[in-house]
Amino acid sequence: MRAAILREQGVPVKIEQVDLDGPEQGEVRVQLVGAGACHSDYHRISGHVDFGTVPYILGHEGSGIVKEVGPGVSTVAVGDHVIFSLTAQCGRCRNCHDGKANLCEFWVLGKATLPTGRRPFSQDGVELYADLATFAEETVVPETYLVKIREDIPLEKACLIGCGVMTGVGAVLNRAKVEAGSTVVIIGCGGVGMNVVQGAVLANAGKIIAVDKVQFKLDMAESVGATHFIDASKEDVVKRVMDLTNGGADYAFEVIGFPQTVRQAFDCIRPGGTCVMVGVPFKGQDIAVPGMKLFWDRTVMGTFYGAGRPKTDFPWMLDLYQDGRLKLDELATKVRPIEEFNEAFDDMNAGTAIRTVFTF
Ligand code: PAD
Ligand code: ZN
């Protein structure tokens with residue numbers, strides 16, 4: 001079975017043959033159908049985030065079909081269509097009860113093993129690290145990481161819900177709770193930022209100001225509902241936002257991962273406004289804002305996974321897609337076989353793709 005294995009940060013990823021043990025208690029084996037290339041994968045590949053667990057099977061955005069269930073599994077069955085969630089949703093811990101499933105206390109992603117410490121992937125008898133491992137033909141995960149979905153939606157599209165859509169739309173609706181009529185700035189309109197734009201549309205925001213350095217991204221942002229556009233490679237972003245909003249936006253979302261652009265987002269908001277950091281910060285970097293500006297009721301907010309409650313949010317998002325009110329087809333700008341792995345990330349860096357979906 002093929003899988004994309006990161007062996008060393010900064011070195012191109014190879015598609016290699018691996019072995020996979022079957023599911024044990026509470027675990028499920030899933031055959032992947034679609035898997036999206038997210039910048040969070042690239043942070044690991046490039047070394048932007050600390051990463052000790054190699055060799056590692058990459059991938060966290062994905063969808064597929066249940067092939068086998070381990071003992072005790074009750075929420076999915078063989079043949080079910082599923083989307084992978086970045087977080088467990090155990091339904092029993094304090095945060096799950098509190099509606100904060102993204103902070104489920106049984107979250108293990110990042111440890112690169114199953115919750116039991118087991119590592120089901122191996123190669124020539126050597127165990128490999130993995131989290132959801134959606135860049136593999138098949139994977140084994142706890143059932144708490146899977147959301148069963150309706151079967152009339154193509155899985156190559158549905159996979160985008162698992163990270164980019166949940167994070168972006170969720171950042172607006174679940175985390176920041178943007179009110180109708182608000183002015184919203186989105187700095188960084190890639191695979192996740194495009195979904196912040198979509199979230200702002202769903203929130204009935206007023207002006208939706210898209211900021212990017214690539215014209216293609218601004219064009220795409222228009223196609224999903226942004227109303228104003230700033231080319232950060234040519235224009236003074238803060239000044240333009242001040243002009244467009246008469247003194248500052250209500251919300252500004254940073255969706256790249258640089259401290260300078262978080263600061264730029266903060267500088268775009270008015271007194272009482274909220275700056276939301278969606279991008280994953282590079283390792284060891286602090287976020288600094290001027291204290292006197294913060295004093296005037298401004299808020300700086302982080303968001304992991306758009307305050308996602310996967311079992312609640314994925315189904316309504318798919319319903320909106322089916323009704324034409326949430327766009328997925330437009331976001332999946334390229335479909336590639338998993339063998340074209342490195343090319344997809346070249347596209348990401350060149351700014352020529354919103355999301356590439358891998359197929360197997
Ligand atoms: P992407 O590479 O598709 O999009 C980034 C966008 O930013 C691109 O369109 C770039 O052109 C644009 N950009 C770069 N520099 C600038 C600049 N100076 N000014 C304006 N625009 C610029 O990445 P993505 O959308 O897949 O991910 C974006 C970030 O979100 C990244 O840091 C990723 O790790 C993070 C993320 N966070 C969560 C979470 O839970 N908060 C989840 C998933 C992804
Ligand atoms: Zn992601």
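None of the values given here were measured: they were computed from a predicted structure. Whatever order the structure lists them in is the order used to number ligands and atoms, beginning at 1.
- The N/O atoms of Gln264, backbone and side chain alike, include none that comes under 3.5 Å of an N/O atom in ligand 1.
- Between His39 and Tyr42, the angle of the ring planes goes over 60°, which puts this pair in the perpendicular group of the 30/60° scheme.
- Of the candidates Ile256, Asp231, Val192, the one placing a heavy atom closest to atom 29 (C) of ligand 1 is Ile256.
- Not a single heavy atom of Gln260 sits under 4.0 Å from any atom of ligand 1.
- Leu114 places a side-chain heavy atom less than 4.5 Å from the side chain of Pro142.
- Summarising the contacts of atom 30 (O) of ligand 1 with Gly188, Gly279, Ala37, the nearest heavy atom is found in Gly279.
- Only the side chain of Met348 comes within 4.0 Å of ligand 1, counting heavy atoms alone; its backbone N, CA, C and O stay farther away.
- Contacts between His43 and ligand 1 below 4.0 angstrom, taking non-hydrogen atoms only, involve the side chain exclusively.
- By the 30° and 60° cut-offs, the orientation of the rings of Tyr56 relative to Phe51 is perpendicular.
- Contacts between Lys217 and ligand 1, counted as non-hydrogen atom pairs separated by less than 4.0 Å, involve the side chain only.
- Between Phe282 and His48, the angle of the ring planes stays under 30°, which puts this pair in the parallel group of the 30/60° scheme.
- Checking His39 against the Zn ion (ligand 2), every N/O/S atom stays at or beyond the 2.8 Å cut-off.
- With atom 5 (C) of ligand 1 as the reference point, the heavy atom nearest to it among Val280, Val278, Val211, Val255 is part of Val255.
- You'll find the side chain of Met166 stays beyond 4.5 Å of the side chain of Asn102, heavy atoms only.
- Residue Gly351 places every heavy atom at 4.0 Å or more from ligand 1.
- Looking at ligand 1, you won't find any N or O of Phe258 less than 3.5 Å from one of its N or O atoms.
- Judged by the 6.0 Å distance and 45° axis criteria, Arg336 is not positioned over the aromatic ring of Phe341.
- Here Ala232 has side-chain heavy atoms under 4.0 Å from ligand 1, and that is the only part of it that gets that close.
- Considering only non-hydrogen atoms, atom 15 (N) of ligand 1 lies nearest to Lys213 out of Glu61, Arg175, Lys213.
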